[in-house]
Peer 1: 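Following this message is one structure expressed as structure tokens.
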Amino acid sequence: MRPSHAALLPFLFLLLSCEVPQDQDWYERPESGVTYRSQGSRRDDPPPSTVLFEEVPAPGGGTEVLFRTSDPAYLNPAGHAEWKIMDTSTSSTASATVCRRQGSGTAGQGLIFAVRSKGGSFYFLAVMVNTKQQYTIAKYLAGKKTVIQDWKSSGLLQSGYGVRNTIRVSASGGDISVYLNGSLETTFRDTASGGIPALSTGGHGYIVEIAPNERLPSGSVEVAFTE
């Protein structure tokens, strides 16, 4: 069930009325193992037919974290994103292997990192890839997305459905290096914005984009993650 605008008003008022300190020590660790929507609110009642970041047996053995939905409630004219925080430990490195099996080939899936929280709002960086050998870098502040690096082609990525691409990030002295399939692709530096200090270290997790043209409910979006 999607929250009404009226239900979101108290949350938005609380967020806007809080004075945001300028030092990083105000951050609270996010709660792990919880799925959030692109606007940052908790999903307490996902549709029964929907699997959101659930650990399942992987083809060929072992386990994977699977995101799957055919629910048209996730469609949004501006696109939509779902994420899950997997580890709240503060770290300067994070990695994930991602594989889109179904859904839009231009939509992204990938790694969120430098995850921090304050008063129920979440702040993090994300590196996503698609099936077209492209990657993008973004920053999410309380659900609001800001693009740091627009979609860019990389010969380090594999193209197509059912292929696995590994994303790894490593932060040092404020510089964040992005590795794709084991090789350095780019290095960037986050900047303070919206009253939020620059991000580089924190928790990590997974993110999936659902494109506005997904063929739901006749089709589905399915993405698998491993570390």
Side-chain angles (χ1 to χ4, degrees), residues 30 32 35-36 38 52-55 58-59 62-68 79 81-116 122-140 145-172 174-190 198-211 221-227:
S32 62
T35 302
Y36 292 87
S38 56
L52 295 181
F53 303 103
E54 181 176 303
E55 187 172 302
T63 62
E64 64 186 15
V65 174
L66 181 67
F67 177 98
R68 183 178 67 236
E82 293 278 339
W83 61 78
K84 183 170 184 177
I85 302 162
M86 301 300 295
D87 190 345
T88 63
S89 302
T90 300
S91 178
S92 60
T93 63
S95 66
T97 298
V98 303
C99 173
R100 180 170 285 248
R101 294 172 180 156
Q102 297 183 61
S104 171
T106 57
Q109 54 274 330
L111 175 70
I112 66 173
F113 60 100
V115 180
R116 304 279 185 160
F122 292 84
Y123 311 88
F124 56 81
L125 301 171
V127 177
M128 291 179 282
V129 301
N130 61 22
T131 68
K132 309 293 184 181
Q133 286 185 292
Q134 298 174 321
Y135 74 96
T136 185
I137 303 171
K139 183 175 186 175
Y140 285 76
K145 178 182 177 182
T146 300
V147 175
I148 296 175
Q149 167 64 62
D150 205 353
W151 286 106
K152 182 178 181 180
S153 296
S154 173
L156 298 176
L157 293 169
Q158 297 189 74
S159 63
Y161 290 89
V163 302
R164 293 156 55 91
N165 285 294
T166 298
I167 303 166
R168 182 170 68 88
V169 296
S170 178
S172 177
D175 291 327
I176 303 170
S177 298
V178 178
Y179 297 83
L180 301 176
N181 292 322
S183 297
L184 178 64
E185 170 62 35
T186 189
T187 298
F188 73 98
R189 180 181 287 262
D190 184 38
L199 300 175
S200 60
T201 63
H204 73 272
Y206 306 140
I207 187 169
V208 174
E209 287 188 329
I210 300 173
V221 176
E222 184 174 321
V223 180
F225 298 85
T226 54
E227 290 196 21

Peer 1: At their closest point, which heavy atom of Thr93 faces which heavy atom of Ser170, and how far apart are they?
Peer 2: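 Distance-wise, the nearest heavy atoms are CG2-OG, 3.8 Å.
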
Peer 1: Does the side chain of Met86 reach to within under 4.5 Å of the side chain of Phe53, using non-hydrogen atoms?
Peer 2: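 Met86 vs Phe53: side chains apart.
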
Peer 1: Does a side-chain heavy-atom distance below 4.5 Å link Gln149 with Val127?
Peer 2: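 SC-SC contact between Gln149 and Val127 ruled out.
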
Peer 1: Return yes if a side-chain donor-acceptor contact under 3.5 Å exists between Ser177 and Thr187, otherwise no.
Peer 2: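 Yes - a donor-acceptor pair under 3.5 Å links their side chains.
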
Peer 1: Check for a donor-acceptor pair, side chain of Glu54 on one end and backbone N or O of Val65 on the other, with a separation under 3.5 Å.
Peer 2: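 No, because the side chain of Glu54 does not come within donor-acceptor range (under 3.5 Å) of the backbone of Val65.
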
Peer 1: Can you see which heavy atom on Gly108 is nearest to which on Trp151, and at what distance?
Peer 2: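 Shortest heavy-atom contact: CA-CH2, 3.7 Å.
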
Peer 1: Quick one: does any side-chain atom of Asp190 pair with a main-chain N or O of Leu199 as donor and acceptor, under 3.5 Å?
Peer 2: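 A pair under 3.5 Å: yes.
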
Peer 1: Checking the side chain of Gln133 only, and the main-chain atoms of Leu157 only, is there a donor and an acceptor separated by less than 3.5 Å?
Peer 2: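 It does hold such a pair.
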
Peer 1: Rounded to the nearest 0.5 Å, how far does CD of Glu209 lie from CD of Gln109?
Peer 2: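 It comes to 8.5 Å.
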
Peer 1: Taking Asp87 for the side chain and His204 for the main chain, is one N or O donor matched with an acceptor at less than 3.5 Å?
Peer 2: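 No; zero donor-acceptor contacts below 3.5 Å.
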
Peer 1: Could you walk me through whether Ile207 and Met128 pass side-chain contact (heavy atoms from CB on, under 4.5 Å), step by step?
Peer 2: CA-CA 8 Å; Ile207 187 169; Met128 291 179 282; 3.7 Å; yes

Peer 1: Going by atom types alone, do Thr97 and Thr166 pair a side-chain donor with an acceptor below 3.5 Å?
Peer 2: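 Thr97 vs Thr166: donor-acceptor pair found between side chains.
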
Peer 1: Kindly give the heavy-atom pair with the smallest separation between Val147 and Asp150, and that separation in Å.
Peer 2: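 Result for this residue pair: CG1-N, 3.5 Å.
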
Peer 1: Does the side-chain contact (heavy atoms from CB on, under 4.5 Å) test come out yes or no for Phe113 and Ile176, once each step is laid out?
Peer 2: CA-CA 11 Å; Phe113 60 100; Ile176 303 170; 3.9 Å; yes

Peer 1: Could you go through Lys132 and Thr106, starting from their C-alpha distance and side-chain angles, then the distance that decides it, and tell me whether this counts as side-chain contact (heavy atoms from CB on, under 4.5 Å)?
Peer 2: CA-CA 7 Å; Lys132 309 293 184 181; Thr106 57; 4.2 Å; yes

Peer 1: To check you understand the geometry: which heavy-atom pair defines the closest contact between Val208 and Val221, and what is its length?
Peer 2: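 The pair with the smallest heavy-atom distance is CG1-CG1, 4.2 Å.
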
Peer 1: Can you tell me how far OG1 of Thr63 sits from CD of Glu55, rounded to the nearest 0.5 angstrom?
Peer 2: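 Between atom CD of Glu55 and atom OG1 of Thr63 there are 4.0 Å.
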
Peer 1: My understanding is that only one of Leu125, Val178, Ile167 makes a side chain to side chain contact (heavy atoms under 4.5 Å, CB included) with Leu111; could you say which?
Peer 2: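 Exactly one option meets the side chain to side chain contact (heavy atoms under 4.5 Å, CB included) with Leu111, and it is Ile167.
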
Peer 1: So how far is it from Tyr135 OH to Glu185 CD, rounded to the nearest 0.5 Å?
Peer 2: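 With rounding to 0.5 Å, OH (Tyr135) is 4.0 Å from CD (Glu185).
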
Peer 1: Should Arg164 and Glu64 count as an ion pair when the cut-off is N to O under 4.0 Å?
Peer 2: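 No, this pair does not count.
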
Peer 1: Within the structure provided, determine whether Phe122 and Ile85 are in side-chain contact (heavy-atom separation under 4.5 Å).
Peer 2: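 Yes - at least one pair of side-chain heavy atoms lies under 4.5 Å apart.
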
Peer 1: What are the two closest heavy atoms between Ile112 and Ala126, and how far apart are they?
Peer 2: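 Ile112 and Ala126 have their closest heavy atoms at CG2-CB, 4.0 Å.
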
Peer 1: Judged by atom type as modelled, is there a donor-acceptor pair below 3.5 Å linking the side chain of Arg168 to the main-chain atoms of Ser183?
Peer 2: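 It does not hold such a pair.
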
Peer 1: May I ask you to decide if the ring planes of Tyr206 and Phe225 are parallel, tilted or perpendicular, using 30° and 60° as cut-offs?
Peer 2: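 Tyr206 vs Phe225 ring planes: parallel.
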
Peer 1: Do Thr201 and Arg116 come close enough that some side-chain heavy atom pair is under 4.5 Å?
Peer 2: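 Contact flag for Thr201/Arg116 side chains = yes.
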
Peer 1: For Glu222, what residues pass the salt bridge (Lys or Arg N to Asp or Glu O under 4.0 Å) criterion, not counting sequence neighbours?
Peer 2: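 Per chain and number, Glu222 pairs via salt bridge (Lys or Arg N to Asp or Glu O under 4.0 Å) with Arg101.
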
Peer 1: Would you name the heavy atoms of Asn165 and Gln158 that are closest together and state the gap between them?
Peer 2: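 In this case the closest contact between Asn165 and Gln158 is OD1-N, 2.8 Å.
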
Peer 1: Tyr161 versus Gln102: any side-chain heavy-atom pair under 4.5 Å?
Peer 2: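 Result no, sub-4.5 Å side-chain heavy-atom pair not found.
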
